[in-house]
There are 4 protein chains.
Amino acid sequence: MTPSKPLRADARRNRARILAAAEEVFAERGASASTEEVAARAGVAIGTVFRHFPAKRDLLAAIMKELRRRLVDRAETLIADGDPATAFFDYFTYLVESSAEIGTVVSLLAEEGTSIEPDDQIMALTQAFGRLLEAAQQAGTARPDARLDEVMALVTATTHGALAGSWTDDLRCRTLALVLDALRPR
Amino acid sequence: MTPSKPLRADARRNRARILAAAEEVFAERGASASTEEVAARAGVAIGTVFRHFPAKRDLLAAIMKELRRRLVDRAETLIADGDPATAFFDYFTYLVESSAEIGTVVSLLAEEGTSIEPDDQIMALTQAFGRLLEAAQQAGTARPDARLDEVMALVTATTHGALAGSWTDDLRCRTLALVLDALRPR
Amino acid sequence: MTPSKPLRADARRNRARILAAAEEVFAERGASASTEEVAARAGVAIGTVFRHFPAKRDLLAAIMKELRRRLVDRAETLIADGDPATAFFDYFTYLVESSAEIGTVVSLLAEEGTSIEPDDQIMALTQAFGRLLEAAQQAGTARPDARLDEVMALVTATTHGALAGSWTDDLRCRTLALVLDALRPR
Amino acid sequence: MTPSKPLRADARRNRARILAAAEEVFAERGASASTEEVAARAGVAIGTVFRHFPAKRDLLAAIMKELRRRLVDRAETLIADGDPATAFFDYFTYLVESSAEIGTVVSLLAEEGTSIEPDDQIMALTQAFGRLLEAAQQAGTARPDARLDEVMALVTATTHGALAGSWTDDLRCRTLALVLDALRPR
DNA sequence: TATGAATGAGCTTTCATTCAT
DNA sequence: CATGAATGAAAGCTCATTCAT
């Protein structure tokens with residue numbers, strides 16, 4: 001379904017190395033980091049980067065896609081295996097913690113005008129989050145009047161907040177606690 | 001303490017026009033907008049911009065300083081004139097709403113590495129916010145266990161969230177309500 | 001004398017397809033068209049193109065050689081079968097008309113510095129043209145004082161003119177008539 | 001009518017040097033010569049070239065405009081001062097001879113897709129040529145049935161021919177004689 | 001002080017060519 | 001032989017910054 005051509009072994013290896021390097025570089029230097037540095041970090045020539053990602057935005061988009069894939073994976077794991085009463089809160093926490101790892105990259109999407117298409121992945125993530133929310137509501141651990149879009153907004157906010165202000169671990173925990181509290185039944 | 005020279009009248013006028021133009025341009029185009037466009041919008045030549053702000057980061061920093069000044073002003077007004085029971089929440093709301101006006105500019109600071117110095121203004125803002133918080137706590141409208149750094153974190157988060165996700169007015173209101181709710185006594 | 005190796009059947013087939021594709025592509029896009037596009041159009045991989053033509057200029061040269069071969073063929077046909085009185089003028093016309101078909105390709109040689117070696121084919125073409133000229137002169141339809149190099153110059157000029165200016169069919173006919181008139185006895 | 005801003009002295013000097021350098025470079029190396037080389041030859045930095053000519057095509061277009069200006073000037077001089085009986089032929093000759101000086105530049109227009117706008121200058125040149133033609137026809141030195149578009153086509157052809165084939169001076173003279181002969185009454 | 005032309009490092013992107021598969 | 005991924009040298013162009021006017 002995904003690959004039009006199965007790609008040669010070395011090509012796939014390089015693609016992965018470039019993605020990994022790009023994730024690092026952009027996390028460290030921001031989206032204005034040069035493609036050349038990505039290439040250098042990946043140990044390939046500049047041309048190779050552009051063979052895999054014809055424009056810089058494609059590279060950024062690919063990183064985001066990969067990141068989102070991981071997030072969706074995690075949600076689905078929690079839906080399948082987690083405790084309905086806590087899975088929703090665990091996942092919320094997971095998203096915020098991940099953002100630290102992700103680095104600045106996330107926040108670059110808006111800026112770059114990387115007009116992300118309607119995007120199946122965002123929808124998938126939203127839906128999965130919705131199921132976790134419902135389960136928590138039925139388990140009585142989440143406010144019954146909390147709406148999904150509000151939850152998404154809150155997680156976006158907390159994530160970006162965690163990135164923008166350089167919070168200590170302690171502060172992040174306390175803030176997160178407050179936010180999660182706002183989602184619990186009074 | 002601040003001005004080495006009182007500046008000629010026209011120079012001061014130019015400085016102001018450049019700042020205003022820069023605020024507009026960076027809000028519209030992001031921090032990657034060119035200094036030249038700022039100059040054009042301000043109706044001055046590029047050299048004049050650099051005479052007033054020796055580097056681009058200085059221009060960005062000056063914008064931030066100006067913005068923060070307004071925010072502090074507002075806080076002090078509320079401390080002086082507002083209803084202690086609601087002023088804290090009003091100010092929180094004001095900050096989030098302002099962020100929409102401010103546009104992308106705010107979020108660019110982190111990225112640009114404009115490592116803002118300890119900054120008196122941030123401290124002033126924090127202190128003012130602290131006084132509003134205390135007043136609300138004494139009035140019984142804010143959780144007594146809410147700490148100032150958490151409040152700052154929450155406002156940062158909500159602000160950035162409002163900027164990053166393009167929330168509707170309605171969604172912003174509901175999300176804000178949830179956040180403020182988290183700061184009210186249970 | 002010519003082929004070092006007789007070439008495998010598929011190799012010869014590929015060579016032909018590449019040449020055909022190159023002729024098309026360069027006619028459409030000019031000599032700055034990429035070798036990769038030639039490969040794509042030919043349905044082979046880029047490596048295959050370079051196996052057959054070690055450098056781009058070789059590919060261009062080969063196209064020219066092929067084109068010239070056709071032109072010489074046509075001249076010999078006319079020498080053998082045509083009416084001596086008109087064959088010269090027919091051939092002149094044929095060359096100019098062909099140039100339209102050939103497209104821009106021809107004119108690219110000069111630029112590319114594809115310093116064509118003395119080239120047997122050009123000589124062959126010139127000689128054939130010379131024979132047609134002589135025949136026409138003997139038939140009294142061509143000026144007796146017209147020299148072969150002048151004729152070659154005229155046909156070159158008309159050809160390039162037809163390519164450079166985008167003449168209508170009508171204009172090309174009239175211009176050609178004038179030129180041919182210049183070669184008729186007064 | 002032409003200059004929106006009168007340009008500073010040094011700017012005008014640089015602009016002229018760039019144009020001169022570009023004319024040389026493109027004549028020597030063809031249109032694929034690099035802008036950087038033009039800059040080097042002009043003794044300015046690359047940025048200066050792009051300040052004056054925002055894209056390479058603009059530089060090429062400017063060269064052409066300058067060349068055409070010279071041609072039109074010459075035509076007008078001949079209209080004013082020349083002998084009506086010979087001026088037409090003199091100008092035709094002048095155009096062909098100039099092409100040698102102009103070098104390859106001329107022929108690059110077609111290729112570069114420098115979609116020259118309807119172009120006042122071409123029209124001016126055509127009109128001037130038209131007047132020379134009429135004068136010659138009235139003086140009885142040019143065929144009365146020769147049309148202006150045919151003349152333009154012939155001069156284009158001869159010019160391009162002279163450029164493409166590397167004719168000797170002698171050959172160019174003889175070929176030109178033939179072409180001009182075609183335009184004389186029989 | 002203001003101007004705006006000049007600078008030049010740096011960025012994205014292209015493409016002829018090589019070479020491991 | 002064919003393949004197509006990798007290479008890397010340019011090329012075109014941008015823009016923060018400097019400096020002569």
Side-chain angles (χ1 to χ4, degrees), chain A residues 5 7-15 18 32-39 43-59, chain B residues 5 7-11 14-15 32-40 43-59, chain C residues 5 7-11 14-15 32-40 43-59, chain D residues 5 7-15 18 32-39 43-59:
Chain A
K5 284 281 179 57
L7 276 187
R8 239 161 59 179
D10 55 346
R12 200 164 52 236
R13 195 165 49 242
N14 273 341
R15 203 192 127 95
I18 291 168
S32 55
S34 82
T35 312
E36 200 118 21
E37 182 164 354
V38 172
V44 301
I46 182 67
T48 305
V49 175
F50 279 89
R51 158 171 285 267
H52 287 285
F53 308 96
K56 195 185 183 182
R57 53 162 17 83
D58 297 325
L59 183 51
Chain B
K5 287 275 181 63
L7 279 185
R8 254 164 48 180
D10 56 343
N14 272 344
R15 205 193 125 92
S32 55
S34 79
T35 313
E36 201 115 23
E37 183 164 353
V38 172
V44 302
I46 183 68
T48 306
V49 175
F50 276 87
R51 163 168 290 271
H52 285 284
F53 307 95
K56 194 185 184 181
R57 55 165 12 88
D58 298 324
L59 183 51
Chain C
K5 286 278 181 62
L7 280 185
R8 253 163 51 179
D10 56 345
N14 272 343
R15 205 193 124 93
S32 56
S34 80
T35 314
E36 200 114 25
E37 183 164 353
V38 171
V44 302
I46 183 68
T48 307
V49 174
F50 276 87
R51 164 166 290 270
H52 286 283
F53 306 95
K56 196 185 183 181
R57 54 163 16 85
D58 297 325
L59 183 51
Chain D
K5 286 279 180 59
L7 274 186
R8 241 161 57 180
D10 54 347
R12 199 164 53 236
R13 194 165 50 243
N14 272 342
R15 203 193 127 95
I18 291 167
S32 55
S34 81
T35 312
E36 201 116 23
E37 183 163 353
V38 172
V44 301
I46 184 66
T48 304
V49 175
F50 279 92
R51 158 172 282 267
H52 287 284
F53 308 96
K56 195 185 182 182
R57 55 164 13 85
D58 297 325
L59 183 50

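- Atom CG of D10(D) and atom C1' of dA5(E) are 6 Å apart (whole Å).
- The separation between R15(D) atom CZ and dG4(E) atom P is 18 Å, rounded to whole Å.
- At dC1(F), none of the side-chain N or O atoms of H52(C) fall inside 4.0 Å of OP1 or OP2 (strictly under the cut-off).
- A55(B) comes within 4.0 angstrom of sugar-phosphate atoms only, judged by non-hydrogen atoms across all strands, and of no base.
- Phosphate proximity of dC15(F) to T35(B): absent, as no side-chain N or O sits under 4.0 Å from OP1 or OP2.
- Pairing for dT21(F) goes to dA2(E), judged as Watson-Crick or G-U wobble with the two contacts each under 3.5 Å.
- One atom, CZ of R8(A), and another, C1' of dT3(F), lie 7 Å apart when rounded to the nearest Å.
- For the pair R13(D) CZ and dA20(F) P, the computed distance is 14 Å after rounding to whole Å.
- In this structure, N14(C) does not reach the dC1(F) phosphate: none of its side-chain N or O atoms is under 4.0 Å from OP1 or OP2.
- Nearest to the side chain of R51(A), among dA6(F), dA6(E), dT17(F), sits dA6(F).
- The 5' end of DNA chain F is approached more closely, in terms of each residue's nearest nucleotide, by F53(D) than by the other of F53(B) and F53(D).
- When distances are taken from the side chain of K56(B) to each of dT17(F), dA2(E), dT7(E), the shortest belongs to dT17(F).
- In this model, the phosphate group of dA10(F) is not approached by any side-chain N or O of S34(D) to a distance below 4.0 Å at OP1 or OP2.
- Figure legend. dG8(F) is base-paired to dC15(E); pairs are counted as Watson-Crick or G-U wobble with both atom distances under 3.5 Å.
- With rounding to whole Å, R57(B) atom CZ is found 9 Å from dT17(F) atom P.
- Toward the 5′ end of DNA chain F lies the nearest nucleotide of G43(C), the other residue of the pair A45(A) and G43(C) mapping further downstream.
- In the set dA6(E), dG8(E), dT17(F), dG8(E) carries the atom at the smallest distance from any side-chain atom of I46(D).
- Distances shown here put every side-chain N or O of T48(D) at or beyond 4.0 Å from the OP1 or OP2 atom of dA5(E).
- Listed nucleotides dA6(F), dT18(F), dA16(E) differ in distance to F50(B); the shortest reach to its side chain belongs to dT18(F).
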